[in-house]
There are 2 protein chains.
Amino acid sequence: MDELDAPRNGHQAGRRDGRPPERQPVTLDAVARLAGVSPATASRALNGTARVREELRARVRAAAEALGYIPNAHAQALAGSASSTVGVICHDVGDPYFAAIASGVMAAAAERNLLVLLSSTFREPGREIAYLSMLRAQRARAILLIGSGIQDRAWERALDTELAPYLREGGRVAVVSRHRSLRVDAVLPGNRTGAAALARALVGLGHREFAVLAGPSALTTVADRVAGFRAGLAEAGVELPASRVVRGAFTRDGGHAAACELLDGGGPLPTCVFAVTDVMAVGALAALRERGLRIPEDVSLAGFDDVPLVRELTPALTTVALPLPEMGRAALDLALREPRGERVRVERFAGEVVVRGSTRVVP
Amino acid sequence: MDELDAPRNGHQAGRRDGRPPERQPVTLDAVARLAGVSPATASRALNGTARVREELRARVRAAAEALGYIPNAHAQALAGSASSTVGVICHDVGDPYFAAIASGVMAAAAERNLLVLLSSTFREPGREIAYLSMLRAQRARAILLIGSGIQDRAWERALDTELAPYLREGGRVAVVSRHRSLRVDAVLPGNRTGAAALARALVGLGHREFAVLAGPSALTTVADRVAGFRAGLAEAGVELPASRVVRGAFTRDGGHAAACELLDGGGPLPTCVFAVTDVMAVGALAALRERGLRIPEDVSLAGFDDVPLVRELTPALTTVALPLPEMGRAALDLALREPRGERVRVERFAGEVVVRGSTRVVP
DNA sequence: TCGCTTTCAGAAAGCGCTTTCTGATACGGT
DNA sequence: ACCGTATCAGAAAGCGCTTTCTGAAAGCGA
């Protein structure tokens, strides 16, 4: 006999791959059997769905404990009880803006014992649609769209054809930031008013010559902030020519590139530069410094969002503070709250202007 | 007739809540019926599981398209095909360190068409266990533990009792950072060697008097970085007394508090402070400045991780750069790769010392 | 032409739960 | 003692898929 060649793993013949044998997960049936009750009773005892004699309930509980029973969420979802996951779609969790909002969503989800299916689109619109479809397949109880909508007919239509059936099937949707075409609950940061207030504050500091580092014009967030900023300046009789609005990607490097373009444009140097997001402002800060400009002595810089690290910069960044985690939390609350009637609900979060060292007073 | 009182919503009687009627989702049966085939054939046609006559396949595809069919992931998972979700547990997505790693995981997951169930424990060990259990219930294909293990018997045991059954049932697990007790695949940042290299670099700059701002001592990451730093100093004959290691929470504010404690401790001011993470270093930077100390003229400061924004600080932070997104990606790869044999696999990522402006040369 | 294999579609079993329906038992009122 | 009514446990029917099993039809050589 070549007993010696036999797999080590005595009790499971034929295993040659050296992997440990896979055990089947414990099912409700096993628990019921051990407790000496029917699966129906076991289910009721564990979930408290209906009255079960105290003695049986204890026996079931004990059996579940002893076997290390964990219910199969897929079976539960399939059998009709609502799924316990919510979907969150954002552009990039690596970006501090989204990370902060996501963090708030996670906290709120944890309180409700919900699991979060998070997805990053990496700013590819196609991926957003694909994720939506996957979240529908998962029967996510709610879907949160974090980040501004794109003002583009084709994209809006594609989004709607995914979302409409989901809503009809009882799904809940909420967005953070404005989506032009979506009739769903929304958490709206005060982009316009915040930018306008910032403009007023900067004018108050004595600035008259501005430039704006903007993101892609199709993003509602960009459109609103630029419009608000321009409106705020207009109030004070200051004009912002279109030539002073430079576009770049919605990232640190985008801000850097936009700032370079501004400086290379050859126009007169503004006394103050407004980057529509803090992340872009960080890139701009680097670019301005690389050109030998001192902040704020040679040029002032302001951002928007107040993401965690910008107050630590030297000089600290003047910006419009948004309560990012609270906004994430609010979005989940909104999506999960029972809708009353047809009306969409909107929750607004005002931005607060925080003047720090990156903007100087112009004499 | 009180026709006028009737609900607006003509085609679905009895609705008084003003909500639109909920439609049932389209099922595979509906698709099959429309295509004039059996559900079995429809399934095979859609999934390409087996050969189906081309004409039928086309008919099924068309029917699915026409009805907007989306398979029910729960039913699919239940019927035996592997689930398409992976679980990721980290301490806090709002922290740039975890956000960067998570970002890499998301990218890798997207390539494989997997959905990521992300959870933040907010540093409560109990929640980690609870999440693990929820991820098991979801039959996640793999579970990634991001962040260092806690050296605590009770916690380690609790973790193991969740993980062991999961592994036995065929689940895959990988960790980022060292876990003392876990025999699973791991992505290991070069904490010891990186910290040692940093120590050598700082000594090379002329520093001899050091202090360390450390996190909770139970975290393996903290233990390894402190040990490595100390070892690196020892090589150069520099000693780091225990009294010069100050503990704080693993956050920005923890770094701030630790720095304050150091300054209030009354000992001589070190020429260089090493915070075991960049996030803590940021807090320390603020604290040192509040006390009127200039960086690096009065005291040098170094961190670890090279999270996105610290290179933008003024002065930019000297640190040990870790390829965070790549580490996240590697963790997912590791967990998903078919295991060969019993051995756990370990992927190491060396840290690279990046000397920037926050550390000066001591004459 | 017959009997064999091969190809492909349908029937049906089941994945692990929840929930409705049914039935047994105990209780109270008359 | 009897009947109506609660109360609680079990039987069984799904939830929407995948997959095995079964069977019909077609193709081929003898």
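Note that the structure is a prediction, hence the values are computed from the model and not measured. Proteins come first, then strands; the chains are lettered A, B, ... in the order of their sequence lines, and each starts at number 1.
- Here dG16(D) is the nucleotide among dT19(D), dG16(D), dT19(C) with the atom lying nearest to any side-chain atom of Thr27(B).
- For the pair Leu46(B) and Pro71(B), the minimum side-chain heavy-atom distance is 4.5 Å or more.
- Distance CG (Leu46(A)) to C1' (dG16(C)): 13 Å, rounded to an integer number of Å.
- In this structure, Leu28(A) places its CG atom 14 Å from C1' of dC15(C), rounding to the nearest Å.
- Asp29(B) places its CG atom 7 Å from the P atom of dC17(D), with the value rounded to the nearest Å.
- At the phosphate of dT18(C), OP1 or OP2 sits under 4.0 Å from a side-chain N or O atom of Ser43(A).
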Donor-acceptor contacts under 3.5 Å from residues 108-120 of chain B side chains, at least two apart:
| unit_1 | atom_1 | unit_2 | atom_2 | d |
| --- | --- | --- | --- | --- |
| Glu111(B) | OE1 | Arg329(B) | NH1 | 3.2 |
| Glu111(B) | OE2 | Arg329(B) | NH1 | 3.3 |
| Glu111(B) | OE2 | Arg329(B) | NH2 | 3.2 |
| Arg112(B) | NH1 | Asp333(B) | OD1 | 2.9 |
| Ser119(B) | OG | Val88(B) | O | 3.2 |
| Ser120(B) | OG | Val93(B) | N | 3.2 |

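- Exactly one residue among Val175(B), Val173(B), Ile129(B) makes a side-chain contact (heavy atoms from CB on, under 4.5 Å) with Leu163(B). That residue is Val173(B).
- As a whole-Å value, the separation of Asn47(B) CG from dT20(D) P is 14 Å.
- Rounding to whole angstrom units, CG of residue Leu78(A) and P of dG16(C) are separated by 12 Å.
- Across the protein-nucleic acid pair, Glu169(B) atom CD and dC15(C) atom P stand 16 Å apart, rounded to whole Å.
- Salt-bridge check for Arg61(A) with Glu65(A): failed, with every basic side-chain N at 4.0 Å or more from each acidic carboxylate O.
- Ile143(B) is not listed as a side-chain neighbour of Val86(B), based on a closest heavy-atom distance of 4.5 Å or more.
- Across all strands, Pro71(B) comes closer than 4.0 Å only to sugar-phosphate atoms, never to a base (heavy-atom distances).
- Distances from the side chain of Val52(A) to the nucleotides dA9(D), dT18(C), dG16(C) place dA9(D) closest.
- Atoms CG (Leu67(A)) and P (dG16(C)) sit 14 Å apart, rounded to a whole Å.
- We find that NE2 of His74(A) is positioned 16 Å from P of dG16(D), with the value rounded to whole Å.
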Got a list of protein N/O to nucleotides 10-14 of chain D N/O distances below 3.5 Å?
| unit_1 | atom_1 | unit_2 | atom_2 | d |
| --- | --- | --- | --- | --- |
| dG10(D) | OP2 | Ser38(A) | N | 3.0 |
| dG10(D) | OP2 | Ser38(A) | OG | 3.3 |
| dG10(D) | OP2 | Thr41(A) | OG1 | 2.7 |
| dG10(D) | N7 | Arg44(A) | NH2 | 2.7 |
| dG10(D) | O6 | Arg44(A) | NH1 | 3.3 |

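- Residues Ile146(B) and Ile89(B) form no side-chain contact, since every pair of their non-hydrogen atoms from C-beta on lies 4.5 Å or further apart.
- Near DNA chain C, defined here as any heavy-atom distance below 4.0 Å, there are no residues from residues 134-143 of chain B.
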Exercise. Might you work through the ring pair (Phe, Tyr, Trp, His ring centres under 6.0 Å) test for His91(B) and Phe98(B), ending with a clear yes or no?
Key: CA-CA 7 Å; His91(B) 291 323; Phe98(B) 296 110; 5.3 Å; yes

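- Applying the 6.0 Å contact sphere to CZ of Arg183(B) captures no more than 12 heavy atoms from other residues, nucleotides or ligands.
- Within the 4.0 Å cut-off from OP1 or OP2 of dT7(D), not a single side-chain nitrogen or oxygen of Arg51(A) is found.
- Considering only side-chain N and O atoms, Gln76(B) lies under 4.0 angstrom from the phosphate OP1 or OP2 of dT18(D).
- Considering only heavy atoms from C-beta on, Arg345(B) comes within 4.5 Å of Arg337(B) through its side chain.
- Within the structure, every pair that satisfies the side-chain hydrogen bond (donor to acceptor under 3.5 Å, both in side chains) test and touches residues 126-142 of chain B, not counting sequence neighbours, is listed here: Arg136(B)-Glu162(B).
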Compile the donor-acceptor pairs under 3.5 Å between side chains in residues 28-39 of chain A and protein atoms, sequence neighbours left out, one pair per line.
| unit_1 | atom_1 | unit_2 | atom_2 | d |
| --- | --- | --- | --- | --- |
| Ser38(A) | OG | Ala40(A) | N | 3.4 |
| Ser38(A) | OG | Thr41(A) | N | 3.2 |
| Ser38(A) | OG | Thr41(A) | OG1 | 3.2 |

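- For the pair Glu169(B)/Arg23(A), a side-chain contact is recorded, criterion being any heavy-atom separation below 4.5 Å from C-beta on.
- Note that the two end axes of the helix from dT1(C)-dA30(D) to dT30(C)-dA1(D) enclose an angle of 50°, each drawn from 5 base pairs, rounded to 10 degrees.
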